**Q** 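The following block contains the structure, expressed as structure tokens.
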Amino acid sequence: MPSSTLEPTLEALEHAHEFRARHIGLAPADEQHMLAAIGQPSRQALMEAIVPRDIALDQPLDLPPAIGEAAALTELKAIAGQNRVLKSFIGQGYYGCHTPGVILRNVLENPAWYTAYTPYQAEISQGRMEALLNFQTLVCELTGMDIANASMLDEATAAAEAVMMARRCAKNPSHRLLVRGTHGQIEEVIRTRAAPLGIEVVTPGSTAAWREELASGDYFAVLAQYPDTCGSIFDQRAEAQQVHAKQALFIVAADPLALTLLEPPGAWDADIAVGSMQRFGMPMGNGGPHAAYMACRDAFKRNLPGRLVGVSVDTHGQSALRLALQTREQHIRREKATSNICTAQVLPAVVASMYAVYHGPEGLTRIARRVARLTAVLAEGLKTLKAVQYNGNAELQPKFDTLTVQARDPAATAARAVSMGVNLRIHGGSFLGISLDETTTRADVELLWRLFAEAGQALPDFDAMAAASPPDLIGSAPRRATPFLTHPVFNTHHSETAMLRYIRRLSDQDLALDRTMIPLGSCTMKLNATSEMIPITWPEFAHIHPYAPADQRAGYAELERQLRHGLCRITGYAALSLQPNAGSQGEYAGLLAIRAFHAARGQAQRDVCLIPSSAHGTNPASAQMAGLKVVVVRCDERGNVDLQDLRAQCEKHSPRLACVMITYPSTHGVFEPGVKALCEIVRAHGGKVYVDGANMNALVGLAAPGAFGGDVSHLNLHKTFCIPHGGGGPGVGPVCVGADLAPWLPALPGQGGAVPAGAVGPVSAAPLGNASVLPISWMYIRMIGAQGLRHATEAAILSANYISKRLAAHYPTLYASANGLVAHECILDLRGLKETGVQAEDVAKRLADYGFHAPTLSFPVAGTLMVEPTESEPLAELDRFIDAMIAIREEIRRIERGDWPREDNPLKNAPHTAASLLTADWLHPYSREVAAALVHRPSGSVKYWPPVGRIDNVYGDRNLFCSCVPVEQGE
């Protein structure tokens, strides 16, 4: 039968662009409906009316054409196959571990957990905050410290933050830091952080030199690894007292698994403890993401960086959780903030906490004892082979899981090990490191014996060695004498049934993208597609050690090459580094590049950073950390950077001008028309232009910061390029630069040598940062293609303008272009409601009754809500949000009319729990039905019930408690 002329082509049937319609929530008819509401004839016309013509791209992005989901997975699988998965005994802070299946499937691979946002809206985040409170409790009890935060970016960053914290808290005025026995990457990141602030890092090369330095007192802090990087366990109790006598602080980088057996740092008066929780259930992933920890004495709690979950009470007197103390401190304290870190590694921290809940204290101790026992058996066998010495001595020092041996030919032995399927660590040129872990088996120990045996030499008998060896090699080192994890949560959920239900109970308390849109301005909560997420747990990506030989990481190298190529094409820059493991770290790396560039040109005096008053709080915090002096530039009445004030500040500080930091589109959600002029003004005075990539979701395919005047930007792959937020991490913050700044991208850590003079050191513990989540962004770009990327940007801008237009009669948009249009987000001005007693926070809490996560509250302007819908939301969801906002405005009008008192109405009492509506006596002037927001619910929808009422923030800070609540108190 002849084909009809209307029959689709084979190319059309192959549907290479299938993912575009999966990712973008708007159908063509939806777009036409929305354009009509805005008053624009087409998406193109809308973009031309919004994006300044002098920065608009006139060519499509130079990217490979889009391919379907299955084809992309096949292509990525081939790239992953270039990695070689060997058994790694390298250690150095990264270890093999088993992720329990119930946690892998129901947390790490569950959108209820990985699509959530940082829990700023506490009432709808109780589940993940309980998991984080468990994490904090776990850390406190393992380390013996008083208080712990809710995770850090990696162990090296945590150590560097601890150093900065010690500098603020120590009474000793010295600018010197003593470091002993740390992993190389930790020392390198500390040196990067220390240099701009004038801190001298000292690493004494011998025991005698160490003792001499301790006795001198010329240091504000000491940092030591426990056990050290060679595996040795030193009794540091007397040293801690000696350091305190010098009015300095003692910092310990401690292995949490070892702490189940060793005396915790808090027991011998350490001041700060840091470390990595990676071996608590998170795969190595070529370096990350992993949750680091930081804990300290109670006296230093207000200097603790990062996020901290605390216990408070809700309006009904029930125990409830919230972020405490440091919440959003960058926005409040700006350049005076304790750190530039505004998020961390929540999803890996949840995994670690669940790992502890599932295994309990007995299970964790059993895992540690098994590792220690196998290490002792390995050592006994090596002793009988007479093939090695330990650290150059015949006698073995106290150890937990790591042996450092002196072989006859370390390089040849390491190469032979690779040929046998295992990796060893070459340490100091003359030694080999062997670190065992949870995945080590009897067969592994026998393989290691075979590796070190001479040709023809009989191997030890495993059972005989096990019988002859001690239970561990800890020997005389101080052992743990105190119980830990005694709270019922760590002693209840040990069957898979119980664990599964516990995880489900917690996730049911939260609102994530799997339930509703999360319209957080400046946060870009878009779809994290399942096909993008699948590869992160492939063994070829998950089980790679970041310091394995380069040829074993060839797949990662190809992934990095392709991703760098694509992101450079998208941004218009010449080079980039994927090492920064958060947007804040990308900011920091970019500013260090600017400083190094000026210094290399003999202009090290350039240390002034101009920052608009509207900037995100991490900008001034990062500038301060980079040794820059922040000068604020005013914004005009339309929210744009005041170019007249900018010009005046440039002229005033011209000889010292290092850079300007701007966000584009602006933090006010507007494409400022004068951005090219701004760049030219700054460059005329010798400064560089830093374009913060926080709002890159409004630029991709439409404009490129590297093309319109930017010298450096950081991106947020966890926003624009689909890596999920994970409830507050992980993230990836690549730093992109022009060709002249390329030499000053961060150096690779762990290279075994000092960073060349003038170069920028590493900013993360692993060469590729949070490497194992990079496949997500690769998949997104590969599946959606150049046209799809532009379409996604246009859809995001269309959705924001649709919301702004539809809500204009109820909540005016604070800032817009001269034609009344916004970029990809809009700021709804609620300040005019003050006369009713209603504040923006009341509207945010009331939205929870309607089943929504609130928009960004009171940033960048107090009394406002900033809404960013993204391109992924369907029209029906946008309309549901708009209807909820209009319904809330009608409720406010009833307060205005006097129907409800200013102090007792659905907004002031929001959110409403199910329990509060079931009380016998209902004393409010509005009905239970109104309280529950049931009147406006779509047919067939499932009601979300907030698990707690409004939380008392003041009570939580005045009665700070940041560990698991005792059972009797929580009842």
Side-chain angles (χ1 to χ4, degrees), residues 93 103 107-108 113-114 116-120 125 127-143 145 147-162 165 189 253-256 259 272-283 285 287-296 301 304-310 321-327 329 338-357 506 581-585 718 723-733 764-766 769-770 772-773 962-964:
I103 298 173
V107 177
L108 192 57
W113 289 95
Y114 66 70
Y117 190 65
T118 305
Y120 294 134
S125 308
R128 61 187 178 281
M129 284 205 285
E130 180 172 329
L132 290 175
L133 194 74
N134 293 344
F135 177 86
Q136 294 174 182
T137 303
L138 167 67
V139 170
C140 284
E141 299 202 7
L142 286 178
T143 62
M145 306 304 290
I147 193 167
N149 68 13
S151 76
M152 299 294 285
L153 296 172
D154 60 33
E155 185 175 21
T157 304
E161 291 283 352
M165 177 177 166
V189 172
D255 181 333
L259 293 181
I272 307 171
V274 297
S276 171
M277 301 301 294
Q278 177 267 317
R279 64 195 310 175
F280 278 48
M282 276 298 288
H290 308 133
Y293 72 82
M294 179 182 283
C296 68
K301 63 190 176 187
L304 192 65
R307 296 293 173 256
L308 184 68
V309 174
L321 307 178
R322 57 181 283 277
L323 291 181
L325 295 183
Q326 288 87 350
T327 302
E329 72 149 354
T338 58
S339 168
N340 71 339
I341 294 176
C342 62
T343 187
Q345 300 281 22
V346 167
L347 187 63
V350 170
V351 169
S353 76
M354 293 298 184
Y355 182 92
V357 167
L506 295 193
N581 51 15
S584 58
Q585 304 311 291
H718 48 288
I723 291 175
H725 286 73
V732 179
S764 299
N770 284 341
S772 68
V773 295
C962 300
S963 296
C964 291

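What you see is a predicted model, and the numbers here were worked out from it, not measured in a lab.
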**Q** Would you give the length of the straight line joining atom SG of Cys964 to atom CD of Glu130, rounded to the nearest 0.5 angstrom?
**A**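 With rounding to 0.5 Å, SG (Cys964) is 7.5 Å from CD (Glu130).
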**Q** Find out whether His718 and Val773 are in side-chain contact, i.e. whether some heavy atom of one side chain is under 4.5 Å from a heavy atom of the other.
**A**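 His718 vs Val773: side chains apart.
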**Q** Check whether any side-chain heavy atom of Glu161 lies under 4.5 Å from a side-chain heavy atom of Leu153, and answer yes or no.
**A**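 Of all side-chain heavy-atom pairs linking Leu153 with Glu161, none is under 4.5 Å.
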**Q** Provide the closest heavy-atom pair for Pro289 versus Asn770 in the form atom of the first, atom of the second, distance.
**A** CA-OD1, 3.1 Å
**Q** Can you check whether Thr118 reaches Val346 side chain to side chain, under 4.5 Å on heavy atoms?
**A**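 With C-beta onward as the side chain, the pair stays apart.
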**Q** Main chain of Gly93, side chain of Glu155: is a donor-acceptor contact present, judged purely on distance under 3.5 Å?
**A**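 Flag not set: sc Glu155 to bb Gly93 has no pair under 3.5 Å.
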**Q** Measure across Ser125 and Arg128 and return the closest heavy-atom pair with its distance rounded to 0.1 Å.
**A** OG-NH2, 3.1 Å
**Q** Sequence neighbours excluded, which residues qualify as side-chain contact (heavy atoms from CB on, under 4.5 Å) partners of Ala158?
**A** Met152, Val274, Ala292
**Q** Considering all heavy atoms of both residues, which atom of Met354 and which atom of Ala131 are nearest to each other, and what is their separation?
**A** CE-CB, 4.2 Å
**Q** Working to the nearest 0.5 angstrom, can you tell me the gap between Asn149 CG and Cys140 SG?
**A**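 The distance works out to 9.5 Å.
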**Q** Taking all heavy atoms of Ala150 and all of Val309, pick out the closest pair and write down the distance.
**A** CB-CG2, 4.4 Å
**Q** Give, for atom CD1 of Ile272 and atom OG1 of Thr143, the distance between the pair rounded to the nearest 0.5 Å.
**A** 11.5 Å
**Q** If you round to the nearest 0.5 Å, how far is CZ of Arg307 from OG of Ser151?
**A** 10.5 Å
**Q** Quick one: are Cys296 and Ile147 in side-chain contact, heavy atoms under 4.5 Å?
**A** yes
**Q** Name all residues meeting the side-chain contact (heavy atoms from CB on, under 4.5 Å) criterion together with Ala254; count only those two or more places apart in sequence or in a different chain, and write none if there are none.
**A**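 side-chain contact (heavy atoms from CB on, under 4.5 Å) check on Ala254 returns Tyr226, Val252, Leu259, Pro265, Tyr293.
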**Q** Give, for atom CE of Met277 and atom CG of Asp154, the distance between the pair rounded to the nearest 0.5 Å.
**A**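 One finds 14.5 Å between CE of Met277 and CG of Asp154.
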**Q** Could you report the tightest heavy-atom contact between Pro305 and Met294, atom names first, then the distance?
**A**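 In terms of heavy atoms, the two residues are closest at CD-SD, 3.5 Å.
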**Q** Looking at Pro730 and Leu347, what are the two nearest heavy atoms and their distance?
**A**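 Minimum heavy-atom contact is CD-CB, 4.0 Å.
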**Q** Side chains of Pro119 and Leu323, heavy atoms from C-beta outward: is any pair under 4.5 Å?
**A**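 Answer yes - side chains close enough.
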**Q** In a check of ring-ring contact (aromatic ring centres under 6.0 Å, His included) between His725 and each of Tyr117, Tyr114, Trp113, which one passes?
**A**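 Only match with His725 under ring-ring contact (aromatic ring centres under 6.0 Å, His included): Tyr117.
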**Q** Any chance you could measure Asn581, atom CG, to Gln345, atom CD, to the nearest 0.5 Å?
**A** 6.0 Å
